[in-house]
Amino acid sequence: MARHLITSALPYINGIKHLGNMVGSMLPADVYSRYLRQRGHDVLYICATDEHGTPAELAAKERGLPVAEFCAQAHDAQKAVYDGFELAFDYFGRSSSPQNREITQHFARRLNENGFIEERAIRQVYSPTDGRFLPDRYVEGTCPHCGYDKARGDQCENCTRVLDPTDLINPRSAISGSTDLEVRETKHLFLLQSKLQHEVEAWIDEVGDEWPQLASSIARKWLTEGLHDRAITRDLDWGVPVPADTWPELAAEGKVFYVWFDAPIEYIGATKEWSDQDPDNRDWKSWWYEPDGAADVRYTEFMAKDNVPFHTVMFPATELGIREPWKKVDYVKAFNWLTYYGGKFSTSQKRGVFTDHALEILPADYWRYFLIANAPESDDSSFTWEHFTTTVNKDLADTLGNFVNRVLSFSKKRFGEEVPAGAAAGEPEAKLGEEIASLLAEYETQMEALQFRKAAAALRALWSAGNSYLEEKAPWLEIKTDPEGAALTLRTAMNLIHLYSVVSEPFIPASSAAMRAAFALPTDTAKWVTADEARTLSSVPAGTPFTVPPVLFAKITDEDLESYKERFGGAPE
């Protein structure tokens, strides 16, 4: 049994996330975590809200709330949505926690002791109108590289280039909108990434070849362009404060650490939050500190491509610079973007589906399956209501849902409320068993490789195999001339339903639970299905009581489709 540490990029605190955010980090991490648990591995899945930085302050200001109160409410609101999607975090923490503050300050002190932090005087944008220095995200303007007119002072979200506020064309204050800006001198702490470049390159050479090309290519591009020393403090009221015992002057000025310095550290901080809830039975360091056991941990990160540089270059540079044996990532599963009809999701323009609204109209399993089956792994993928409707109706309603309903309903009608015995398995059942074992092996292979679209295709093929068997045997005709043969067919099909309930659980947990609960098996503790069990299809013996569950998946009608497009926006004009 292996130990697996899994993290997904921290969702930012300033609002409910859209479907692209869900499929780019948290959902695939959940699917993988569930699969590993079923295979008997020791898994710890950690995530948290990313609560520091300029957007949190601006969002709190818009709501008229103190930033701490806003973040507490927003954390609970996000957690409620993720619970609705059945994301099985072992812990969902907060980057504003005392644990993250403690560990972040420790990392900063160690970097300073090792000569990788330097205090520098810089010239920074100051707004006389606002009466304050403006952190990078408080400055907006036009990107000098792509011309996007809403670029932030730290990064252009359109072309993903890292920026400084002084790079922007026609800069303005994000607080007041004032263009009356000055550049004044102030002091900040800089992480000397340039001194760590060769160590990061050596580490990438050691582990990066195993990563998907998307992740490794982004990391190597940053290294090829050269690592620059970057400021890791900001002038904000909300954040992890610079420790006064090391930098008394900056602490007195109220400097806090840059959100992208403390946010990755929150993976460790959240694990300590989890551990501190039950310290007698949980040891956070065994997951993160190599001398305490973390050397044996397999660490996998999930994130969208815009987060890759921070997790593959900047945070590893921090971990290398502290000269302590903290666990570094083994595998980075990076995703491209999910678009909405080829364009961006937009809260302000009311375009696209956000996760809370998604759960208002359909259960989580509809979304979970569609998103993973169409995950943007090799390229960006586009959400359209037409594609969503076709996928739900064909794969979930027709292929899986209809199979479950017609098998159980027909058996109940003809043989009562217990699994019928029927004849001994014959050649069709042996052929089916070999096919199921082969398809299950393919499904396992793709899940182990974190190839989610291919895994979904293998799962869909498992479901289709049951329908092909049912059409071949045609028990509704068979029962007229060979009742014992029809009973065998239905018993075999019921065993397929139970198999589906087990192996589909990472994708559609609620529906899997409903399928499994259909059978009154007092000792049903199966975590997975072995190849032999797949071949024999005998987990549900004759005489087992069963019930017909409610319809697993309702079809999306044309009227539904039009109403969704009207509410959320369809294809651009």
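Keep in mind that this is a model prediction, so the values were computed, not measured. Residue numbers start at 1 and run along the sequence shown.
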Centroid-centroid distance, His75 to Phe70, less than 6.0 Å: no
Counterpart residues, side-chain contact (heavy atoms from CB on, under 4.5 Å), relative to Glu201 (two or more places apart): Gln197, His198, Leu223
Under the side-chain contact (heavy atoms from CB on, under 4.5 Å) test, residues paired with His106 that sit two or more places apart: Arg110, Glu324
Partners meeting side-chain contact (heavy atoms from CB on, under 4.5 Å) with Gln193 (sequence neighbours left out): Leu191, Leu227, Arg230, Met314
Residue pairs, two or more places apart or on separate chains, that pass side-chain hydrogen bond (donor to acceptor under 3.5 Å, both in side chains) and touch residues 236-249: Arg109-Asp245
Parallel, tilted or perpendicular, as decided by the 30° and 60° cut-offs, for the rings of Phe388 and Phe383: tilted
Sequence neighbours excluded, every pair satisfying side-chain hydrogen bond (donor to acceptor under 3.5 Å, both in side chains) that has a member inside residues 58-67: Arg63-Gln73
Any residue meeting ring pair (Phe, Tyr, Trp, His ring centres under 6.0 Å) with Phe133, in chain and number order, not counting sequence neighbours: Tyr126
Electrostatic pair Arg234:Asp136 at N-O distance under 4.0 angstrom: yes
Lys327 charged N/C atom sitting above Trp287 aromatic ring, 6.0 Å / 45°: no
Residues forming a ring pair (Phe, Tyr, Trp, His ring centres under 6.0 Å) with Tyr138, sequence neighbours excluded: none
Pairs involving residues 159-171, ordered by first then second residue, that meet salt bridge (Lys or Arg N to Asp or Glu O under 4.0 Å) (sequence neighbours left out): none
Selection residues 20-33 - residue pairs positive for salt bridge (Lys or Arg N to Asp or Glu O under 4.0 Å), sequence neighbours left out: Asp30-Arg34, Asp30-Arg368
Counterpart residues, ring pair (Phe, Tyr, Trp, His ring centres under 6.0 Å), relative to Tyr289 (two or more places apart): Trp326
Sub-4.5 Å side-chain heavy-atom contact between Lys305 and Ile218: yes
Contacts of Phe261 that satisfy ring pair (Phe, Tyr, Trp, His ring centres under 6.0 Å) - sequence neighbours left out: Phe257
Counterpart residues, side-chain contact (heavy atoms from CB on, under 4.5 Å), relative to Ala219 (two or more places apart): Ile204, Trp211, Thr312, Val313
is_close_aromatic(Phe370, His387), centroid dist under 6.0 Å: yes
